[in-house]
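Chain naming here is simple, since letters A, B, ... match the order of the sequence lines and numbering starts at 1 in each. Values reported hereafter were calculated over all heavy atoms of this structure, with side chains retained and with hydrogens, waters and symmetry mates removed.
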2 protein chains.
Amino acid sequence: MKKNEFNKKLGMCICRIRLKKGLTQVDVSALLGNNPQNISRIERGLISPTLFWIFNFAKCLEIHPDEIFKELDE
Amino acid sequence: MKKNEFNKKLGMCICRIRLKKGLTQVDVSALLGNNPQNISRIERGLISPTLFWIFNFAKCLEIHPDEIFKELDE
DNA sequence: TAAAATATAACCGTATAAGGTTATACAAAA
DNA sequence: TTTTGTATAACCTTATACGGTTATATTTTA
């Protein structure tokens, strides 16, 4: 799988999880301590977040990191 | 958990998995198509690889990404 | 011993992740 | 209509991931 394709899939997973929690991009950025523009870029697949970012995201949203990954490897 | 601590834990997991497969850093870098110095930096926790890198690593070593993560969240 | 394999380290570059600011678009609600 | 909330976008800057090269240290092997 190419990097662009991977980033897009990852972004959609992030977005889906965020909406399932009823949060806005601003909400998530406040929880993580960064800016909403970055969340937007991640959800649209423009950038590929580090694993450290992913783990913080999962922790702040009170989910298991597996929830993000299990939809990515097919 | 701080970023440095996280990176060190992650690096140790990567290293343990690599050794379990009987591979050198050069072997892994050849499989992934990057240089061994980068593997060394990751294993020592100096840098935090992207999730894209992690998934490629897992695929090349024929393991589930979960194997890396399940030792990280405590 | 000498040579090769392995890992770490110090550089110097480039690519990209990420923050900050501002503007734009659009929908929902007043 | 006007206002507000939400998301996207275009910039610029800084931090960092990553490649390439070279050197060093250590272990292993011939």
Side-chain angles (χ1 to χ4, degrees), chain A residues 1-63 65 67-69 71-73, chain B residues 1-63 65 67-69 71-73:
Chain A
M1 185 167 14
K2 293 250 173 90
K3 190 167 187 177
N4 285 352
E5 186 189 349
F6 180 86
N7 289 352
K8 282 198 174 180
K9 277 191 176 182
L10 175 61
M12 286 189 292
C13 292
I14 298 285
C15 185
R16 210 178 314 132
I17 289 168
R18 174 178 64 81
L19 294 176
K20 207 181 295 178
K21 289 281 181 176
L23 298 170
T24 67
Q25 292 181 349
V26 173
D27 293 334
V28 174
S29 66
L31 285 171
L32 293 179
N34 53 20
N35 60 50
Q37 290 83 353
N38 206 33
I39 312 288
S40 176
R41 279 185 287 238
I42 288 170
E43 290 189 356
R44 283 175 290 142
L46 299 182
I47 59 176
S48 179
T50 63
L51 194 56
F52 182 68
W53 189 95
I54 292 283
F55 267 66
N56 274 333
F57 175 81
K59 189 178 182 184
C60 288
L61 268 65
E62 295 173 337
I63 60 167
E67 281 197 48
I68 306 170
F69 308 132
E71 306 173 29
L72 279 171
D73 44 343
Chain B
M1 187 166 13
K2 293 251 173 88
K3 190 168 186 177
N4 285 352
E5 187 189 349
F6 180 86
N7 290 351
K8 281 199 174 179
K9 277 192 177 182
L10 175 62
M12 288 189 291
C13 292
I14 298 286
C15 185
R16 209 179 313 133
I17 290 168
R18 173 177 65 81
L19 294 176
K20 207 179 296 177
K21 289 283 180 176
L23 298 171
T24 67
Q25 292 179 349
V26 173
D27 293 333
V28 174
S29 66
L31 285 171
L32 294 178
N34 53 19
N35 60 48
Q37 289 82 356
N38 205 33
I39 312 287
S40 176
R41 280 185 287 238
I42 289 170
E43 290 189 357
R44 283 174 290 144
L46 299 182
I47 60 175
S48 179
T50 63
L51 194 56
F52 182 68
W53 189 95
I54 292 284
F55 268 66
N56 273 331
F57 175 81
K59 189 178 182 184
C60 288
L61 268 65
E62 295 174 336
I63 61 169
E67 279 196 49
I68 306 170
F69 308 133
E71 306 173 29
L72 279 170
D73 46 343

Which nucleotide sits closest to the side chain of A/P49: D/dC18, C/dT8, C/dA18?
C/dA18
Interatomic distance where CD belongs to A/E43 and P belongs to D/dA9 [whole Å]:
12 Å
Closest approach of A/V28 and A/R18, non-hydrogen atoms and distance?
CG2-CD, 3.5 Å
Base, sugar-phosphate, or nothing for B/P36, non-hydrogen atoms under 4.0 angstrom?
nothing
Is there a donor N/O on one and an acceptor N/O on the other, under 3.5 Å, for the side chain of A/Q37 and the base of C/dT22?
yes
Check the surroundings of atom CD in B/E62: do more than 12 heavy atoms from other residues, nucleotides or ligands lie under 6.0 Å from it?
no
Write down the distance between CD1 (A/I14) and C1' (D/dA7), rounded to a whole number of angstrom.
17 Å
Whole-Å distance, A/K3 NZ to C/dA17 C1', equals 9 Å
Side chain of A/T24, heavy atoms from C-beta onward: which of D/dA7, D/dA9, C/dA17 has the nearest atom to it?
D/dA7
Out of C/dA17, D/dA17, D/dT8, which nucleotide sits closest to the side chain of A/R44?
D/dT8
In whole angstrom, give the distance that lies between atom CZ of B/F52 and atom P of D/dC18.
11 Å
Round to the nearest Å and state the distance from B/N38 atom CG to C/dT8 atom P.
13 Å
CG of B/N4 versus C1' of D/dA15: gap in Å, rounded?
14 Å
Do B/D27 and B/K21 touch side chain to side chain, with heavy atoms closer than 4.5 Å?
no
C/dA18, OP1 or OP2 - any side-chain N/O from A/N34 closer than 4.0 Å?
no
Rounded to whole Å, how long is the line connecting atom CG of A/L46 with atom C1' of C/dG19?
16 Å
OP1 or OP2 of D/dA7 less than 4.0 angstrom from a side-chain nitrogen or oxygen of A/R18, does that happen here?
yes
Roughly, in whole Å, what's the span from CD1 in A/I39 to P in C/dA17?
14 Å
Between A/N7 and B/V26, just flag the one whose closest nucleotide in DNA chain C comes earlier from the 5' side.
B/V26
Examine D/dA7: is either OP1 or OP2 under 4.0 Å from a nitrogen or oxygen in the side chain of A/S40? Give yes or no.
no
Have a look at A/N35 and say if it touches a base, only the backbone sugar-phosphate, or nothing, with a 4.0 Å heavy-atom cut-off.
base
Quick one: closest heavy-atom pair of A/C13 and A/I68, and the distance?
SG-O, 4.0 Å
Minimum-distance pair of heavy atoms, taken over all atoms of B/N38 and B/W53:
ND2-NE1, 4.5 Å
Can you see if the side chain of B/R41 gets near the phosphate of D/dG20 - specifically, an N or O under 4.0 Å from OP1 or OP2?
no
